[in-house]
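We count ligands from 1, going down the list as the structure has it; atoms in each ligand are counted the same way. Note that this is a predicted model, so its numbers are computed, not measured.
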Amino acid sequence: MSKLFLRTLRDDPADAEVPSHKLLVRAGYVRRVAPGVYTWLPLGLRVLHAVENVVREEMDRIGAQEISLPALLPREPYEQTNRWHEYGDALFRLKDRKGSDMLLGPTHEELFALLVKGEYSSYKDLPVTLYQIQTKYRDEERPRAGILRGREFIMKDSYSFDLDDAGAKASYSAHREAYQAIFERLAVEYVIVKATSGAMGGSASEEFLAVSEVGEDTYVRSETGYAANVEAVITTAPESRPIEGLPAAVSHITGDTPTIATLVDWANGALDREVTAGDTLKNILVKTRLGDDAEWELLGVGVPGDREVDFKRLEASLEPAEVQLLEDADFAKYPFLVRGYIGPKALQANEVRYLVDPRVVDGTAWITGDDEQGKHVVDLVCGRDFTPDGTIEAAEVRDGDLAPDGTPLVSARGIEIGHIFQLGQKYTDAFEVDVLGENGKPVRLIQGSYGVGVSRLVAVIAEQHHDDKGLRWPKSVSPFDVHLVIANKDQTAIDGAESLAAELDSLGVSVLLDDRKASPGVKFKDAELVGIPTVVVVGRGYADGVVELRDRFAEGATELPVADAAEAIAGIVRD
Ligand code: ATP
Ligand code: MG
């Protein structure tokens, strides 16, 4: 440590909010260069390499082959899939000296598809899975928490190419298992969530979320182990009810009642029953279009009045169509839309597509807009007075809502650490990636895409494994196996520590030796901050033939006889 390029800091960096960010900076693992752009210092680089190696071993185990693509890429392939435009502001675009457009790769589906097209031509070559552990660039809107969300970051991305669906599924599940093995070895607590409901025929996609309060992804889980992204939650619809015998719908003058709250107030004064927001049907108007050149189309979305529309869920349900809220100008264009009083009647009369929450089943009666200023209708029955064009998952998900297995959901937060995705033929279609099939006819390949946030994982592990004193690395990624602290000024003790370090080294145990001329107190504090799980102290007891063993995960210390300390420590490290 007297030579190590390391300066620990006593104070948290001013720009750090989450613990992993504070500790990785204070303990001298990373240094900021610009927002979302970081330098890896010696300790940090060792952890990063350890994470990379775990990922590499598990990828190799499923037969994936490592290659390395450039980060600096030409525009054309991304133009061909429209991602040059679709990626929006997150794409780093640049020009070379000749004026040609280039980009810094945010992800490499296009390039891998082209590569396979160039090299392979026969079904006999397939299946194949290629991967790289490589630097990616995304101009994130909000780079955050140090290396957790960088603008330059390291990702493992792999891509599988298969001849048929069965093969594609096998590649997908091989990755799923590899990811489970990776995160297990890295001691990350995680859940696997369905990323999208697949309502619009989307292919299978799952995300691996590290459980963390500082995560930006909200998901829901139930005690039975069910977990899903909020976007992917499928509402449990009640049974439809008999319509016969229900009271007729009646229109009422409700006065100035443009909000659910004012409507409920009116109803509780005017009707001789107790009414809550859940008895009202709220109709939200949006516009959608499929593709930049298409016309915007109106869409009405009806949800129980006690729930907000969750725009992300709405977007996910309508994907790949684009969706926007109506603006004043739109309302002006359609006079039949009376803001605050919109009901199913006017929507259906004007052929506006009308989708409702799955809870709005046949036989349910609602208080809702009557399409005139100051008027609402009571007891409007679904299946009798209006017939929606279908259902949509757009209402917010709440704690206590039911999972598909009937258990209550609670919301939690996570950090996305991996994503596995069956792409189908999106990219192989774009580049016509075909090989000659067994019967002599061309076969279009099926692609899968799978990412792991390698640099992000360093922060995630730090986030899940620390205490108020510092980091606490799991053995699989610790920058060194043992932190050996010299806390005795006596030359024989110093020599003893150095020969113990050499002995450990020869046993294949990596050692960080604190040989600095600093007080034991300073050294112990740094050892706690740096977070190597096994700390050995050559201290006062050395004269009596013992060294002290401390475990970063436990209180107190034990003593080891110097004579067989190396063997004993090596045993602990390997355990
Ligand atoms: P996020 O939702 O967190 O922005 P993403 O869905 O855009 O991630 P993918 O395109 O699926 O990310 O990339 C694969 C993996 O790369 C992610 O699961 C994540 O672990 C990691 N990753 C993505 N963006 C970043 C980033 N800005 N910094 C660090 N790691 C990232
Ligand atoms: Mg993702």
Side-chain angles (χ1 to χ4, degrees), residues 18 20-21 24 30 32 34-38 40 44 48 51-52 54-55 59 71 78 81 83 86-92 104-112 131-159 172 175-176 178-179 182-183 186 188 190-196 202-212 214-219 228-232 312 315-316 319 413-423 426-427 448-464:
V18 310
S20 61
H21 185 192
L24 288 170
V30 295
R32 178 180 178 279
V37 181
Y38 280 77
W40 294 89
L48 180 67
V51 173
E52 279 183 20
V54 168
V55 172
M59 293 313 297
Y78 288 79
T81 57
R83 287 216 286 188
E86 255 172 27
Y87 229 98
D89 291 338
L91 192 65
F92 275 106
L104 298 178
T107 170
H108 283 79
E109 280 77 4
E110 284 84 348
L111 276 291
F112 276 79
Y131 77 99
Q132 59 176 346
I133 297 176
Q134 187 248 19
T135 307
K136 298 274 184 281
Y137 295 87
R138 294 181 185 178
D139 197 357
E140 298 276 357
E141 196 176 355
R142 277 180 292 275
R144 184 176 168 264
I147 54 170
L148 203 55
R149 180 177 295 285
R151 295 195 297 164
E152 176 182 281
F153 60 98
I154 295 172
M155 195 202 287
K156 183 287 297 176
D157 48 329
S158 41
Y159 305 87
Y172 182 89
H175 272 89
R176 196 177 196 273
Y179 281 25
I182 289 168
F183 300 134
L186 297 177
V188 174
Y190 70 96
V191 293
I192 304 177
V193 301
K194 280 199 184 16
T196 54
S203 349
S205 163
E206 287 168 298
E207 286 173 358
F208 291 71
L209 301 181
V211 177
S212 169
V214 307
E216 289 179 284
D217 290 277
T218 315
Y219 67 100
N229 249 344
V230 172
E231 284 86 332
K312 278 180 126 180
E315 268 183 322
E319 239 193 331
R413 292 190 153 269
I415 303 168
E416 186 183 320
I417 47 175
H419 193 169
I420 52 177
F421 203 69
Q422 286 186 32
L423 290 173
K426 179 168 177 198
Y427 296 90
S449 149
Y450 320 88
V452 169
V454 172
S455 52
R456 173 176 288 183
L457 271 165
V458 174
V460 165
I461 297 167
E463 201 56 53
Q464 289 191 345

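Y450 approaches K156 most closely through the heavy-atom pair O-NZ, 3.3 Å. L91 and R83 make their closest contact through CD2-O, 4.3 Å (heavy atoms, listed as atom of the first residue, atom of the second, distance). Heavy-atom minimum distance, G414 versus Y219: N-CE2, 3.9 Å. Of all the heavy atoms in V452 and V55, the pair that sits closest is CG1-CG2, 4.4 Å. Contact record, R151 with P35: NE-O, 2.8 Å, taken as the closest heavy-atom pair. In terms of heavy-atom proximity, R142 sits nearest to R149 at O-CD, 3.3 Å.
Distance from atom 28 (N) of ligand 1 to its nearest protein heavy atom, with residue and atom name: G150 N, 3.0 Å. Considering only non-hydrogen protein atoms, atom 14 (C) of ligand 1 sits nearest to M155 CE, 3.7 Å. Among all non-hydrogen protein atoms, the one lying nearest atom 15 (C) of ligand 1 is G453 N, 4.0 Å.
Of all N, O or S atoms in H419, the one lying closest to the Mg ion (ligand 2) is ND1. E416 contributes atom OE2 as its closest N/O/S atom to the Mg ion (ligand 2).
Residue E86 qualifies as enclosed at atom CD: its count of foreign heavy atoms under 6.0 Å is above 12.
For ligand 1, the atoms sitting less than 4.0 Å from at least one non-hydrogen atom of L148 are 28 (N), 29 (C), numbered in the order shown with element in parentheses. Of all atoms in ligand 1, numbered sequentially from 1 with element shown, those under 4.0 Å from a heavy atom of E140 are 24 (N), 26 (C), 27 (N). Within the listing of ligand 1, atoms 18 (O) sit less than 4.0 angstrom from a heavy atom of G418. Residue contact check: H419 has heavy atoms under 4.0 Å from atoms 11 (O) of ligand 1.
Remark: distances from the non-hydrogen atoms of I417 to ligand 1 include one below 4.0 Å. Residue I154 places every heavy atom at 4.0 Å or more from ligand 1.
Rounding to the nearest 0.5 Å places OH of Y190 at 5.0 Å from CD1 of I192.
Residue contacts with ligand 1, taken as heavy atom pairs separated by less than 4.0 Å, do not involve I415 at all. Of the heavy atoms in R149, both backbone and side-chain atoms come closer than 4.0 Å to ligand 1. By the criterion of a heavy-atom distance under 4.0 Å, both the backbone and the side chain of E416 are placed next to ligand 1.
Checked against a 3.5 angstrom limit, the closest N/O atoms of S455 and ligand 1 fall outside it. Here's the thing with E207: none of its N/O atoms is less than 3.5 angstrom from an N/O atom of ligand 1. Of the N or O atoms in F153, none lie within a sub-3.5 Å distance of an N or O in ligand 1. Taking any N or O of R138, backbone or side chain, at least one lies under 3.5 Å from an N or O belonging to ligand 1.
Side-chain contact of E110 with T81: a donor-acceptor pair under 3.5 Å is present, judged by distance alone. Between the side chains of D157 and Y159, at least one donor N or O lies within less than 3.5 Å of an accepting N or O.
For the side chain to side chain donor-acceptor pair (under 3.5 Å) criterion with N229, the lone passing option out of E207, K194, E206, E416 is E207.
At a cut-off of 2.8 Å, E207 is not counted among the residues with an N, O or S atom near the Mg ion (ligand 2).
Contact check on K426 versus E109 returns no salt bridge, with no Lys/Arg side-chain nitrogen under 4.0 Å from an Asp/Glu carboxylate oxygen.
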